[in-house]
Amino acid sequence: MANFMVLYEMPVGGLEEWMKKPEAERKPEEDSLKAEWDAWLAAHAGSVLSTVGVGKAKRVSAGGAEDASNGIMLSSYAQAESAEAAADLFRDHPHLKIPGATIEIMEVKPLKA
């Protein structure tokens, strides 16, 4: 079984536009999507090891740290037999119902000392 990092992304501008919607319009859609997420996670509990939301980004370089912006909303760690199997696992994920949303899946391996 291989381990994979999963990044749930959405264009930065898309999230900004979403947040401009009136809460009365946005909230029912968010609640519906959350219910679908919860059901998807429950159905895939044997493969998805953890999922966390991510906050505002900082970019660190040799010159110091600065605020950064990217489209990453959440991340998961998952297990699958192969990268193709991991991709198949996420093909029907509710995150993909968000306009412009994508999911990136990368195998992770421990660094050897």
Undergrad: So which atom in Val54 and which in Leu74 form the shortest heavy-atom distance, rounded to 0.1 Å?
TA: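 Minimum heavy-atom separation between Val54 and Leu74: CG2-N, 4.0 Å.
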Undergrad: What is the distance from atom NZ of Lys27 to atom OG of Ser32, rounded to the nearest 0.5 Å?
TA: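 Atom-to-atom, Lys27:NZ and Ser32:OG are 11.5 Å apart.
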Undergrad: Should Trp18 and Ile98 be counted in the same cluster of Ile, Leu, Val, Met, Phe, Trp and Tyr side chains packed under 4.5 Å apart?
TA: yes
Undergrad: Do you know which two heavy atoms are closest between Pro11 and Pro99, and how far apart they sit?
TA: CD-O, 4.5 Å
Undergrad: Are any of the side-chain nitrogens in Arg91 or Asp88 under 4.0 Å away from the carboxylate oxygens of its partner?
TA: yes
Undergrad: Give me the atom names and distance for the closest heavy-atom approach of Glu107 to Lys109.
TA: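 In terms of heavy atoms, the two residues are closest at OE2-CE, 3.5 Å.
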Undergrad: Are Tyr8 and Val108 in one and the same hydrophobic cluster, where Ile, Leu, Val, Met, Phe, Trp and Tyr link if side-chain heavy atoms are under 4.5 Å apart?
TA: no
Undergrad: Determine yes or no for a side-chain-to-main-chain donor-acceptor pair under 3.5 angstrom, with His44 supplying the side chain and Phe90 the backbone.
TA: no
Undergrad: Let's go through Leu49 and Asn3 carefully: what are the C-alpha distance in whole Å and the side-chain angles of both, what is the deciding distance for side chain to side chain contact (heavy atoms under 4.5 Å, CB included) to 0.1 Å, and is it a yes or a no?
TA: CA-CA 9 Å; Leu49 307 176; Asn3 293 315; 4.3 Å; yes
Undergrad: Heavy-atom count check: over 12 atoms from other residues, nucleotides or ligands less than 6.0 Å from Glu23 CD?
TA: no
Undergrad: Nearest heavy-atom pair of Val12 and Gly71: which atoms, and what distance?
TA: CG2-N, 3.9 Å
Undergrad: Is there a path of hydrophobic side-chain contacts, each under 4.5 Å between heavy atoms of I/L/V/M/F/W/Y residues, joining Leu33 to Leu96?
TA: yes
Undergrad: Would you say NZ of Lys97 has more than 12 non-hydrogen atoms from neighbouring residues, nucleotides or ligands within 6.0 angstrom?
TA: no
Undergrad: Side chain to side chain contact (heavy atoms under 4.5 Å, CB included) between His93 and Trp37: does it pass, once the steps are laid out?
TA: CA-CA 8 Å; His93 195 284; Trp37 263 81; 3.3 Å; yes
Undergrad: As an exercise, state the distance from CG of Leu41 to OG of Ser50, rounded to the nearest 0.5 Å.
TA: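 If we round to the nearest 0.5 Å, Leu41:CG and Ser50:OG are 10.5 Å apart.
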Undergrad: Inspect the contact between Lys20 and Glu17 and indicate whether a charged nitrogen and a carboxylate oxygen are less than 4.0 angstrom apart.
TA: yes
Undergrad: If you take all heavy atoms of Asn70 and Ala57, which pair is closest and at what distance?
TA: ND2-CB, 3.8 Å
Undergrad: Tell me whether Ser76 contacts the main-chain N or O of Ala78 through its side chain, where contact means a donor paired with an acceptor under 3.5 Å.
TA: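 Here the side-chain-to-backbone pair does not exist.
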Undergrad: Show your working on side chain to side chain contact (heavy atoms under 4.5 Å, CB included) between Glu9 and Met73 and close with a plain yes or no.
TA: CA-CA 6 Å; Glu9 298 176 304; Met73 299 176 68; over 6 Å; no
Undergrad: Taking the six-membered ring for Trp and the single ring otherwise, decide whether the centroids of Trp40 and His95 are under 6.0 Å apart.
TA: no
Undergrad: Is it true that Arg26 and Glu30 have a side-chain N and a carboxylate O under 4.0 angstrom from each other?
TA: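 Counted as a salt bridge, because a side-chain N and a carboxylate O are separated by less than 4.0 Å.
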Undergrad: Is any side-chain N of the basic residue among Asp67 and Lys56 closer than 4.0 Å to the acidic one's carboxylate O?
TA: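 The answer is no: the pair does not qualify as a salt bridge.
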Undergrad: With heavy-atom distances below 4.5 Å as the criterion, would you say the side chains of Glu66 and Lys58 are in contact?
TA: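 The answer is no; the side chains never approach within 4.5 Å.
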Undergrad: Under a 3.5 Å distance rule, please check whether Arg59 uses its side chain to pair with a backbone N or O of Ala68 as donor and acceptor.
TA: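 Judged by distance alone, no pair lies under 3.5 Å.
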Undergrad: For the atom pair CG (Leu7) and OG1 (Thr102), what is the distance rounded to the nearest 0.5 Å?
TA: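 That separation rounds to 9.0 Å.
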Undergrad: Could you tell me the separation between the CZ atom of Phe4 and the OG atom of Ser82, rounded to the nearest 0.5 Å?
TA: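 Taking CZ in Phe4 and OG in Ser82, the distance rounds to 6.0 Å.
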Undergrad: Would Tyr77 and Ile103 show up in the same hydrophobic cluster when neighbours are defined by side-chain heavy atoms closer than 4.5 Å?
TA: no
